[in-house]
Amino acid sequence: MANSWFQFKQFLVQQDKSAMKVCTDSCVFGATIPVDQKTTSILDIGTGTGLLALMLAQRTEAAIDAVEMHHDAAQQAAANFFNSPWKERLTIHEASIQDYFKVTTKQYGLIICNPPFFSASLKSGNASKDMAWHQSHLSVEELMQVTAFMLKTDGDAYMLISIYEEENFIRAAEAVGLKTVRFLSMYENEKKLIRYVLHLRKDSIHAGTNEIKFVIRNSGNQYTEQFTEALKDFYLHLDR
């Protein structure tokens with residue numbers, strides 16, 4: 001059973017009320033998303049515990065809107081934000097992203113999302129966990145439509161996705177005029193590929209963009225230097 005909380009160097013994430021707990025791949029995502037310090041507005045779609053929003057708050061000076069439709073998770077994210085050093089820049093919106101974008105005129109310089117991973121796999125029977133892991137409440141097509149609507153002309157969006165869903169995401173992005181490139185391939189070890197991070201823009205993405213291979217653990221099951229460097233400002237007991 002996962003701990004009811006996860007302590008980072010600068011903030012604490014309480015997670016007992018959220019279906020999706022703090023996990024390594026989400027932490028890697030939050031630590032490696034490229035950030036432009038000129039970016040003043042960030043949107044986190046499906047924030048859960050608020051983990052990604054908190055990591056981006058630590059890394060930037062931007063105002064961050066976090067959207068979460070599940071009541072218990074939204075309330076917990078709100079508490080995690082309030083107890084963080086950046087509570088003045090973090091705002092929780094308890095709503096589906098489909099409803100949120102209908103009532104706001106905001107556009108964002110950076111949009112991040114760790115969307116539901118699976119569109120067709122069997123469900124667990126746990127309603128809140130199924131909502132977090134499956135696309136029954138947020139289809140890829142809806143996610144891309146909302147992203148295209150809310151992303152600034154020169155903004156960037158990054159999404160952590162299942163390796164089995166990449167074609168669906170790229171096809172849906174292209175249908176609404178978004179350009180995509182695989183920014184990062186995440187490996188649990190040298191051989192086991194587990195996630196992709198997609199980069200999306202309205203205008204063209206530089207042709208010279210190189211995909212990053214990110215390996216979490218080495219052959220001795222220890223964190224790689226790459227992981228340590230990326231997470232040293234977040235994880236306890238990692239050297240600075």
Side-chain angles (χ1 to χ4, degrees), residues 13 17-20 26 29-30 33-116 128 131-132 134-161 169 172-180 197-203:
V13 173
K17 296 180 181 178
S18 179
M20 301 312 298
S26 292
F29 181 46
I33 297 167
V35 291
D36 185 338
Q37 293 304 320
K38 295 179 182 178
T39 298
T40 58
S41 58
I42 297 174
L43 173 65
D44 178 12
I45 299 175
T47 196
T49 61
L51 169 66
L52 294 178
L54 287 161
M55 293 183 77
L56 268 294
Q58 180 176 324
R59 297 180 60 204
T60 73
E61 296 297 324
I64 302 175
D65 286 315
V67 178
E68 174 56 53
M69 68 178 294
H70 191 277
H71 175 72
D72 288 344
Q75 293 298 305
Q76 188 145 69
N80 288 334
F81 291 169
F82 182 80
N83 291 318
S84 78
W86 315 287
K87 62 182 180 180
E88 301 300 327
R89 294 192 284 114
L90 289 159
T91 304
I92 187 73
H93 302 272
E94 186 179 333
S96 68
I97 190 60
Q98 298 97 317
D99 288 339
Y100 176 70
F101 99 95
K102 294 176 183 176
V103 297
T104 182
T105 59
K106 285 187 178 181
Q107 287 191 307
Y108 297 87
L110 177 62
I111 295 177
I112 60 171
C113 183
N114 181 358
S128 59
M131 186 183 298
H134 296 267
Q135 295 167 12
S136 56
H137 289 78
L138 176 63
S139 70
V140 174
E141 290 77 16
E142 288 175 313
L143 176 58
M144 292 305 171
Q145 289 167 1
V146 168
T147 300
F149 183 86
M150 303 191 78
L151 188 65
K152 290 183 177 180
T153 302
D154 59 348
D156 297 279
Y158 290 89
M159 298 187 181
L160 176 66
I161 68 168
F169 275 82
E174 290 176 348
V176 294
L178 292 172
K179 311 298 189 299
T180 64
V197 176
L198 290 185
H199 177 197
L200 305 92
R201 284 183 66 93
K202 288 184 174 179
D203 58 13

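Side-chain atoms are counted along with the backbone in the values below, which use heavy atoms only and exclude waters and symmetry mates.
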Take Leu138 and Ser96 through the side chain to side chain contact (heavy atoms under 4.5 Å, CB included) test and state the conclusion after the steps. CA-CA 8 Å; Leu138 176 63; Ser96 68; over 6 Å; no
Report yes if some heavy atom in the side chain of [X] is under 4.5 Å from a heavy atom in the side chain of [Y]; otherwise report no.
X: Thr147; Y: Met159; result: yes
X: Ile97; Y: Glu142; result: no
X: Asp44; Y: Ile112; result: yes
X: Lys152; Y: Ser41; result: yes

Could you tell me which non-hydrogen atom of [X] sits nearest to which non-hydrogen atom of [Y], and how far apart they are?
X: Pro115; Y: Leu160; value: CD-O, 3.0 Å
X: Ser26; Y: Leu52; value: O-CD2, 3.4 Å
X: Ala95; Y: Val67; value: O-CG1, 3.1 Å
X: Phe29; Y: Ile33; value: O-CG1, 2.9 Å
X: Ala77; Y: Gly50; value: CB-N, 4.0 Å
X: Leu54; Y: Ser84; value: CD2-CB, 3.6 Å

Go through the steps to decide whether Trp86 and Ile64 satisfy the test side chain to side chain contact (heavy atoms under 4.5 Å, CB included), and finish with yes or no. CA-CA 10 Å; Trp86 315 287; Ile64 302 175; over 6 Å; no
If I take atom [atom1] from residue [X] and atom [atom2] from residue [Y], how far apart are they, to the nearest 0.5 angstrom?
X: Thr104; Y: Lys102; atom1: OG1; atom2: NZ; answer: 14.0 Å
X: Ile42; Y: Asp156; atom1: CD1; atom2: CG; answer: 11.0 Å
X: Leu151; Y: Ile111; atom1: CG; atom2: CD1; answer: 4.5 Å
X: Asn80; Y: Thr49; atom1: CG; atom2: OG1; answer: 6.0 Å
X: Leu178; Y: Leu200; atom1: CG; atom2: CG; answer: 5.5 Å
X: Tyr158; Y: Asn114; atom1: OH; atom2: CG; answer: 16.0 Å

Hey, are Asp203 and Arg201 close enough for a salt bridge, meaning a charged N less than 4.0 Å from a carboxylate O?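 Between Arg201 and Asp203 there is a salt bridge, with a charged N closer than 4.0 Å to a carboxylate O.
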Candidate pair Gln98 and Gln145, rule side-chain hydrogen bond (donor to acceptor under 3.5 Å, both in side chains), full reasoning: CA-CA 9 Å; Gln98 298 97 317; Gln145 289 167 1; over 6 Å; no
Within 45° cone of Phe82 ring axis and under 6.0 Å: Lys87 NZ or CZ: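 Flagged: Lys87 positioned over aromatic ring of Phe82.
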Donor-acceptor pair, side chain of Thr60 and main chain of Leu56, under 3.5 angstrom: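 Yes: the side chain of Thr60 pairs with the backbone of Leu56.
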Using only atom types and a distance under 3.5 Å, with no angle test, would you say the side chain of Thr91 pairs donor to acceptor with the backbone of Asp65?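 Such a contact is absent between Thr91 side chain and Asp65 backbone.
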Thr39 and Asp36: side chain donor to acceptor below 3.5 Å: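 There is no such pair (donor and acceptor under 3.5 Å, judged by atom type) between the side chains of Thr39 and Asp36.
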Do the rings of Phe101 and Phe149 sit parallel, tilted or perpendicular, given the 30° and 60° boundaries?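 Ring orientation of Phe101 relative to Phe149: perpendicular.
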Tell me which one of Gln75, Glu68, Met69 satisfies side-chain contact (heavy atoms from CB on, under 4.5 Å) with Glu94.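 For Glu94, the side-chain contact (heavy atoms from CB on, under 4.5 Å) test succeeds with only one of Gln75, Glu68, Met69, which is Gln75.
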Using side chain to side chain contact (heavy atoms under 4.5 Å, CB included), reason through Thr47 and Phe81 one step at a time and then give a plain yes or no. CA-CA 11 Å; Thr47 196; Phe81 291 169; 4.2 Å; yes
Run the side chain to side chain contact (heavy atoms under 4.5 Å, CB included) check on Met144 and Glu174 step by step: do they pass? CA-CA 9 Å; Met144 292 305 171; Glu174 290 176 348; over 6 Å; no
Around atom NZ of Lys202, are there more than 12 heavy atoms from other residues, nucleotides or ligands closer than 6.0 Å?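 Counting other residues, nucleotides and ligands, NZ of Lys202 exceeds 12 neighbours.
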